[in-house]
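So the structure is just underneath, and the comments pick up after that.
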2 protein chains.
Amino acid sequence: MNRQRVRLIDVAEAAGVSRATASRVLSGSPRHVDPVLAERVWAVARRIGYRPHVSARALRTGQTGTIGIVVPTLTNPYFVALAEAFAGESRDRGADLLIADSRNDVESEAAHLRRLTDGRVDAIAIVPVSYEDSGAALVEARDAVPLAQVDRRTRDGNTAAIVLDNITGVRLLIEHLREAGRERIAYVGAETASSSGAERLAAFTDIAGEHAPVTVVSEFSTSAGREAARHLLDSTTDIDAIVCGADVLAVGVHSTLQRSGVSLPGDIALVSFDDSELLELTDPPITSLSPPVGEIARRTTELLMGEGDAWREPSVERLVPGLAIRESTQPHR
Amino acid sequence: MNRQRVRLIDVAEAAGVSRATASRVLSGSPRHVDPVLAERVWAVARRIGYRPHVSARALRTGQTGTIGIVVPTLTNPYFVALAEAFAGESRDRGADLLIADSRNDVESEAAHLRRLTDGRVDAIAIVPVSYEDSGAALVEARDAVPLAQVDRRTRDGNTAAIVLDNITGVRLLIEHLREAGRERIAYVGAETASSSGAERLAAFTDIAGEHAPVTVVSEFSTSAGREAARHLLDSTTDIDAIVCGADVLAVGVHSTLQRSGVSLPGDIALVSFDDSELLELTDPPITSLSPPVGEIARRTTELLMGEGDAWREPSVERLVPGLAIRESTQPHR
DNA sequence: GTGAAAGCGCTAACAC
DNA sequence: GTGTTAGCGCTTTCAC
């Protein structure tokens, strides 16, 4: 048998007060209640195991105490790290986090946004799947609930966005490579459907020079990374370093280089972007930018849950990443 | 401005019917409504963008249309795969999935269970963190809502459990290794805090023989795998194959072997358990059992959402895994 | 400082 | 087949 729920009225009766008072003690404004009564209510509530019914509370207050995060895929450890950072941040604010996985699919992303805005969450942080195609669903959602874009942006999402400072990031990587004696640097990125992909590519061309070789593959995946590396090796270009636009690509590139007998970091140095755990698994481990996920989560949550409508203003806040140096960029000796 | 929610009454008025009729059309029992009216209601609802308020509906019906899954960590790609399988299954049944991450922490797991049972979900599937210590929270939760254990069990969780058939699994792995000419097989597993860990270890000793070397590390992590491999190499035991109790361990073992100049699969063959994407990233890719995540999700959801109280009966259903053969077990030539 | 009572948006008896 | 109405559990005026 399912045990019957303990309701507020059960607490109130057992404590000899009205529902109103019990409610004030347990949630509303405890300071407007006689401390003696308050303690009695608490004691009873604890004893009989009262826990408020979230739907009832949400229906009454219009607040769910939950924030939602929508990521392109949980298959990418970087987004898992991001989600966990948001989980920590929510917890600190006494809120819950609801994680949704778009499976890299705009339709599925739109469906999630619709469901989340059906009174399920107070605010939404979203890493949009597509720069071009995610916008419509975002706009609809942001009319229902505070919403901010994270890590990537859409063309017409029209909300605040908290992203990586990709230009500084690329500069950090290239400077690091040059200090390690690398001069002929190539770039491997996925198609520019995401804003971060496009920014990284543009920054690379800008800083490394127009003639630096660039390989763009069609998706963020390890096999795409493998392909890209094969392509680079086949082309005659003589390179001594590769910058990868995402960790999953880097791991693929690494794998192909290894198999082709290219020595890392002897022949080619390798760097990547997201600093997920994947990069420590390879041999040698891969140097990477380390995105400030904690700070991203903090700033975004602040924006969404704080006073005011700052999230409503289309804007871009760029957070500067650190650099996690590993063996894949040991200097030439 | 947040657009005002469209409520049922707005639809009803615009369609010239009562809330009851509108409700019947949009959710309850459409067949008891005049088809002409019904179509009118639908048309209006679509036009003005009606979407039911989940809290209000949940409060009234006692049903949330959401099922919850609690996993030890999303850092382990196997649990991500499991969660995605449940997401698919829920979607097929018109339900939502709420993913919670225990961060390998019993306290945090208990907190999640408490929150989920505060009227947030209709049923819970959980991969418990600890065989010994997760039970209490499970029991409390299963008094509030249908709950089933998945992939791992607790000592006193007292619900149905859908797990891998670890004995058959270990047998498959060892047979495969023996067919590939391996005879001196070692095992690397994490501490037996989880039921699956314990079962795998026991099955290994049973099948490979009492004297087969076993290394037990303290946690499921890549660095623990590295340690274990170092330990195996240091000990004088002469082995030609290693069975790992989890993918993250296997990747760590692989990394240490590589660095120590051990040839795979030449000197040592390597196999693992969860068949997550990690295993395809290594060089050589690692052979693994492939757990039937889809089937696990299907059976569990069936049990939870179906008629009856089958989930309430302490029971264990063991599903047989497949075998994904990769280069790490190429036969001796 | 405390209680009575209204009502959040929805569905399900119950009447017609 | 359709409408009227009560009420899910909670918070919050409003009156005292």
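B:Arg60 is linked by a side-chain hydrogen bond (donor to acceptor under 3.5 Å, both in side chains) to nothing, counting only residues two or more places apart in sequence or in another chain. Residues passing the salt bridge (charged side-chain N to carboxylate O under 4.0 Å, His left out) test with B:Glu317 are B:Arg299, sequence neighbours excluded. Among residues two or more places apart in sequence or in another chain, the side-chain contact (heavy atoms from CB on, under 4.5 Å) test is passed with B:Asn158 by B:Arg142, B:Pro314. Residues that satisfy the side-chain hydrogen bond (donor to acceptor under 3.5 Å, both in side chains) test with B:Glu313, not counting sequence neighbours, are absent from this structure. Partners of A:Thr66 under the side-chain hydrogen bond (donor to acceptor under 3.5 Å, both in side chains) rule, at least two apart in sequence or in another chain, are B:Arg120.
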What string of B, S and - do you get for nucleotides 9-16 of chain C 5' to 3' if you count protein non-hydrogen atoms under 4.0 Å?
BBBBB---

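Residues from residues 36-45 of chain B with heavy atoms under 4.0 angstrom of DNA chain C: there are none.
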Could you tabulate the donor-acceptor pairs under 3.5 Å formed by side-chain atoms of residues 6-15 of chain A, not counting sequence neighbours?
unit_1  : atom_1 : unit_2  : atom_2 : d
A:Arg7  : NH2    : A:Asp10 : OD1    : 3.3
A:Asp10 : OD2    : A:Arg7  : N      : 2.7

Under 3.5 Å, which donor-acceptor pairs do the side chains of residues 24-35 of chain A form with other protein atoms, sequence neighbours left out?
unit_1  : atom_1 : unit_2  : atom_2 : d
A:Ser27 : OG     : A:Ser23 : O      : 2.9
A:Asp34 : OD1    : A:Val36 : N      : 2.8

For residues 74-92 of chain B, dump all side-chain donor-acceptor pairs below 3.5 Å to protein atoms at least two apart in sequence or in another chain.
unit_1  : atom_1 : unit_2   : atom_2 : d
B:Thr75 : OG1    : B:Thr73  : OG1    : 3.4
B:Asn76 : OD1    : B:Tyr78  : N      : 2.9
B:Tyr78 : OH     : B:Asp151 : OD1    : 2.9
B:Ser90 : OG     : B:Phe86  : O      : 2.7

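The span of DNA chain D lying next to chain B, judged by atoms under 4.0 Å from heavy atoms, is bounded 5' to 3' by D:dG1 to D:dG9.
Rotation axes derived from the C1' atoms of the five outermost pairs at either end of the helix from C:dG1-D:dC16 to C:dC16-D:dG1 lie 40° apart, to the nearest 10°.
Side chains of B:Val129 and B:Asp105 form no contact here, defined as non-hydrogen atoms less than 4.5 Å apart. Within the 4.5 Å cutoff, the side chain of B:Asp122 has heavy atoms near those of the B:Thr64 side chain. Taking 4.5 Å as the limit, every side-chain heavy atom of A:Phe220 sits out of range of all side-chain heavy atoms of A:Pro72.
Note on A:Glu39 versus A:Arg46: salt bridge recorded, some NZ/NE/NH1/NH2 to OD/OE distance being below 4.0 Å.
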